[in-house]
Amino acid sequence: MQVEVSRRRFLQGSVAMSVIGGSSVGVTNLLANNNEEKGEFSPTTKTGTGEATEVATLCEMCVNKCAAIARVENGIVTKLNPNPLFPKSKNMLCPRGNAGIQALYDPDRLKYPMIRVGKKGEGKFKRVSWDEAYKAIWNGTEHFIGMKQILEEEKDNRSSFLFCAGEGMAEHTFKSFYSAFGSSNWLNHASLCLQTVISGYGVTLGGYPSADLDNAEYIIMAGANRAEAIVTPDTMDIFKRTKGRGAKLICVDPRFTNTASKADKWLAINPGTDLAFVLALTYVVINEELYNKDYVAKNVNGFDKYKVNIIENKYTPEWAEKITGIKAKDIYQIARDFMAHAPKAVYYPGRRSTFSDSDFQLRRAMAIFQGLSGGIDTKGGLVFGKRLRLSQHEGVQPLYERAQSRAVNKIERRKGQVGYADCAVVSGGGSWIAWRNRFLENKMPYKVRGMFIYKHNPMMNMPNTAKTAEMFKKLELVVAIDTMPSDSVMYSDVVLPECTYLERTDPVKTFGGVEPSIAQRNKVIDPMYETKPVMEIMRGLTSLIAKPLFDITKKYDEDVKEEIEDSDEEDVFEEFDIRKPFEHSQEKVNEYMVKDIYGEEAVKSLKEKGVFYPNMDKYFKQISVNEHQYYPENKKYYSVNDGKPKTNSEKVECYLPNLAKKCVDPMPMWYDEYEFKVPVGKFRLLTGRHAQFTQSGTANNMMLRDLMSENYLWINRRVANDKGIKFGDMIEVSSRTGKTRLKAYPTEKIAPNQLFFIHGFGEESEGLSWAYRSGGNDNAVIEDVIEPVYGAASMHETNVEIRKV
Ligand code: SF4
């Protein structure tokens, strides 16, 4: 790799940027013409000539957290290599992992704290010091009101602030602030992502299992596009080891994807009808008595009721063929083959977003189908594995008398049964679109006026971008902590720049599985510019606001008033001291979380090697060039519960009366309303991911954009011909929600009434030099359809029109 960069030059770059527009910094086009001055990569200077040190860290370019070794020369990170010691990533770093270096050296990075001086969303900010930023949060400015005024006016209702975060290892640190602050309003990415799969498997099997692809002989992969959407070590396993030793792969996907091209069989399913497919598979195994009778008798609850449901409703393959478009004979064959290979057969759970309104019941049906095979908690099937324990880092969770409970609306869903207005169940991560829409429609049970947002970009990640922009405009104080000037950052009032993952140590984390381990992200270089890790950001902010916050509580909280009368005020403040979770450095906290249980040796291993598990030194061996042993075969945790699921009953739950109490079907069933109609002249919009991009988070990464600079609209070639659309023509895609534009990719790999494009493109933030208006934004057109059980966003329930422009 060749890098033209020096720390001094980066600093020069940051100074140059600070004077754009005098005291006010336009985030617009922070990149000047002289790229060398800005410390960008350049092809002219070679690295690899200086003294190098190596630091063990963890990738944060996607959720997988592969282990990496960073090579550092003269304070510059010049290369990221895979760390062979981590069982989860098996000596692999994907293209995004390699491009993590660009996340560090992206010239568009947020470099110093800023406060808004223009209109919301206009992107006009003023550079300030950290102290000034913290004071602006508390006191407000002439452009926005502060936390103090909001809490005074809302009489210490802490829930007048919403907290939201994207996935990441430091999310926990940010969440400690939320807990200590005392709000009840928390939203994370789950309802825009994998909420229904986690919940569906959670209630049916007691947890979200992994698939033991190292030993499976037969795999059904439906809606999980591993070869194209996310290339992690599991993906390599599927296509190298699993397929390599002759395992069968059945791909079920509306599009002919890269995964489909590698499969033994591709079934082009009508989008959103997977539940009918699984019910029909289940029909075959029950009707032909192919299920594992012994396992079902011992480990499945409610089987008789489920059997009646499946047989009496006649969920036959012939019935499913009309709905799914998959031939009945294929369904018979797959059901029989799956059971013939059981328990070494896997219906792959996948991690994808919610696509249709039946997704929760689909996941239940998949989990039950797997249960009928007996392939649970066993080699070659679905496995739970083991998780190594860590000591808990104490936070504070004071009780504020005035803090209202979560801002949801309750209604009578059925006579005498009170539930929620938007969906049946509200999980810890909440329902993002339901929350936003309630807020915009003034249907909140009380006023929510402020928001803290960490590493999260709802402007790009939530259906109906126009509504999300309205939400941001209506919020009176938005504080964003991020590394990049994302579209959501542009709508913020105070911007607190976090350093990137290569510049910080994050909370130590335990990774469960068949080969469990603990891993630690160690700081590779000091934070650049004026950026800080979220731990330090929280330390700075809470030092300023802890006492003043307590002064407000003292005024309005009758319990606190009484306590103060009875005891010393300082003692009462102790319980409310929100500085506490941030007192120590992350390194110290990590040490504490590991040392008592595993000793000094574990602390040392995590610092030096980034990974620890008991007996690692004894077990770890290199077997061939790129193959390692982490645990000897007889020490792996294939069966931790004697083949039983992890539900309280230790049985697969086919029938759940508790769901019925919430007006949700107690077992998976099909309804005609699940069938989605596409009117003539319109298309069903499908969206998905690409292995080189992680949602919108990597959109500005120019190393990755070199591989694919924009997304393209997949359109059936014959339809494109009829419409005179050629490759590269600019197309406007529109729905009732909005419009977006991107170039056409006519192909036979998609059905005539469907369109597809990859999520994460089409940013509107002018602070993102490369991502700005490059490609189309799916969420500008996806309608806000709320999945009825957990309130997830149903991403494939939108019809669109197209126009060549
Ligand atoms: S799969 Fe790639 S992006 Fe994700 S953590 Fe691993 S190396 Fe990083």
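Order of listing sets the numbers, starting from 1, for every ligand and every atom in it.
The closest side-chain donor-acceptor pair between Ser774 and Glu710, if any, does not fall under 3.5 angstrom.
Under 2.8 Å from atom 6 (Fe) of ligand 1, one finds the following protein N/O/S atoms: Cys66 SG.
With hydrogens and angles ignored, the 3.5 Å screen pairs a side-chain donor or acceptor of Tyr598 with a backbone N or O of Arg389. Looking only at distances, a side-chain donor or acceptor of Ser765 sits under 3.5 Å from a matching main-chain atom of Gly767.
Counting non-hydrogen atoms of other residues, nucleotides and ligands closer than 6.0 Å to CD of Gln392 gives a total of 12 or fewer.
Between Phe174 and Phe163, the ring planes lie tilted relative to each other; the angle falls in the 30° to 60° range.
A cation-pi arrangement is absent between Lys175 and Phe177 under the rule of less than 6.0 angstrom and at most 45 degrees off the ring axis.
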